[in-house]
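Here is the structure we will look at.
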Amino acid sequence: MNNLLIHIIRLIVFVLAQGLIFGQLEFGVGIHPMIYPLFILLLPFDISPILLIVMAFITGISVDFFMNTFGLHASAAVLVAYIRPELFRLFAPRDGYDVLKEPTASEYGYKWFLSVAGIAITIHHAWFFLLEHFSWSDWLIILRKTVLSVIVTMFILLIIQILFFKKPKTI
Amino acid sequence: MRNLIAFFRRFRVFLIFVLLQLIALTSYFSVVSYPRTKFFNSANNVTGTLLSWEREVTKYLFLDRENRKLQAENAELSKKELINYIPVDPKTTIINDTIRELTIEKIPATVINSSYSHKNNYFTINAGRLKGVERKMGVVSSEGVVGIVYDVSEHYAIVQSILTSTINISAYVGESNAYGLIKYIENDPRRVTLTGVSNDIKIKKHSKVFATGKGGYFPHGSLIGKVEKLNPIEGEPRWDIIVRLEQDMRRLHYVYVIKNFLKPELEELEKNVDQLE
């Protein structure tokens, strides 16, 4: 149950960070970092897929409440949760995942984190901006927004991983 | 029956996924296409309060610039004060106060949450139903038109910014009086497009663009921006007029909601004519 509490606190922190800090920063040129997908990636390995999707939906609508996007973030977050099990299977280490460990960079290496988070964030951002514009004639803007935002988001996620998810000292 | 249950068990993750996607996307697209949905936005108390706290912290960052603007506005107003005028010639001066009627009231508000980089942008202000804000009221800043109220709660309101593809504010070009609709096409937070102006009308660059009083949103002649570029549309006898907004939407902090006392009368009158609405 202690675990559950940690994830609820994390949910609140990620939503507040997105709504009050990263969502309010306006970089211009289409950069729009979205960090909350990291929360979905950080949920435990043995969570049931349905609970995972529902948690993602809750995260998404909470962000929607802040950003006045009326469900756009919820849609993108649910997509990330849906592809997460497949994505983790794709990049599984040779001897599988240890369900007691957390899916962080310090546990499974930065190469693993960069590939998993990179793909998840790219799909999330591309889906988000595609739905936001919803017209093929804007493809250049969608592409520019996606590429620039993914780069900035990944940079922020790396900093979060380095600062807050250090490897626990083993005795 | 057993097959059906087996089907649901097998695809339950996918079905939940589709269900939640449908909820989210219905909400999003019903807002974008026609204003109806009322959930998933920041006009509720929890997010509204949190965003107000954030503003309390950050508001000091731009106080200086806003003060200067306020000072300029005050100076402009004091020019109009009666005490500063002297009658030039008592025989020709007309005192016309009694034949004028107040038609609008401005409700001051502060922007607590805004965006300008999306295709459709909305912002939240800290005035709601208790201060007399209602849906479909116009919102202006000291420099120009900025949007129309989209949704209201007790203490907050969501404003559909002029940077929204469905905003369709009716506007005219000052010198030539050509009418058209303001749309947000360019994806550039400083520029909007005035569409529907026939290309046999001569339009000068840098002439001012004003809102018409249509729908009672804004007083007739509220400034929107200046004509920056004229593009002929291929195959259509129309201009595509790029208008540079007077108000930089990236620096919007203080706004006024316009309460039009005559709006019910206007709506009552126009109700029976289909072409007007």
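Note on naming: letters A, B, ... go to the chains in the order of the sequence lines (proteins, then strands), and numbering restarts at 1 for each one.
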For the atom pair [atom1] ([X]) and [atom2] ([Y]), what is the distance rounded to the nearest 0.5 Å?
X: A:I61; Y: B:I23; atom1: CD1; atom2: CD1; answer: 9.0 Å
X: A:I50; Y: B:I16; atom1: CD1; atom2: CD1; answer: 4.5 Å
X: B:S27; Y: A:D64; atom1: OG; atom2: CG; answer: 7.0 Å
X: B:S165; Y: A:H133; atom1: OG; atom2: NE2; answer: 10.5 Å
X: A:E132; Y: B:Y28; atom1: CD; atom2: OH; answer: 5.5 Å

request  = Measure across A:S75 and B:Q21 and return the closest heavy-atom pair with its distance rounded to 0.1 Å.
outcome  =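 So the minimum-distance heavy-atom pair works out to OG-OE1, 2.7 Å.
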
task = Considering non-hydrogen atoms only, spot the tightest contact between B:A24 and A:A74 and give its length.
result =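 For B:A24 versus A:A74, the nearest heavy atoms are CB-CB, 3.9 Å.
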
request  = Kindly say whether the aromatic ring centers of B:F29 and A:F70 come within a distance under 6.0 Å.
outcome  =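 Not close enough - the centres of the two rings lie 6.0 Å or further apart.
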
Can you tell me which portion of [X] sits under 4.5 Å from chain B's heavy atoms? Options are side chain, backbone, both or neither.
X: A:I31; value: neither
X: A:L52; value: neither
X: A:H32; value: side chain
X: A:I53; value: both

ask   = Any side-chain heavy atom of A:Q24 within less than 4.5 Å of one from B:L51?
value =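 They are in side-chain contact.
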
request  = Check whether any side-chain heavy atom of A:V78 lies under 4.5 Å from a side-chain heavy atom of B:F17, and answer yes or no.
outcome  =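 Of all side-chain heavy-atom pairs linking B:F17 with A:V78, at least one is under 4.5 Å.
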
task = For the pair B:K119 (side chain) and A:F134 (backbone), establish whether a donor and an acceptor sit closer than 3.5 Å, ignoring hydrogens and angles.
result =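 No.
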
inquiry  = I'd like to know if the side chain of B:N113 and the backbone of A:F66 have a donor-acceptor N/O pair within less than 3.5 Å.
reply    =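 Present.
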
inquiry  = So for atom CZ, which belongs to B:R65, do other residues, nucleotides or ligands contribute more than 12 heavy atoms lying within a distance under 6.0 Å?
reply    =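 More than 12 heavy atoms, drawn from other residues, nucleotides or ligands, come within 6.0 Å of this atom.
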
request  = Can you label the angle between the A:Y82 ring and the B:F14 ring as parallel, tilted or perpendicular, going by 30° and 60°?
outcome  =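 Taking B:F14 first and then A:Y82, their aromatic rings sit tilted (interplane angle of 30° to 60°).
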
ask   = Cut-off 3.5 Å, side chains only: do A:N68 and B:T124 have a donor facing an acceptor?
value =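 There is such a pair (donor and acceptor under 3.5 Å, judged by atom type) between the side chains of A:N68 and B:T124.
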
ask   = Do you know which of B:L20, B:V13, B:N121 has the most heavy-atom pairs under 4.5 Å to chain A?
value =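 Winner by heavy-atom pair count: B:L20.
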
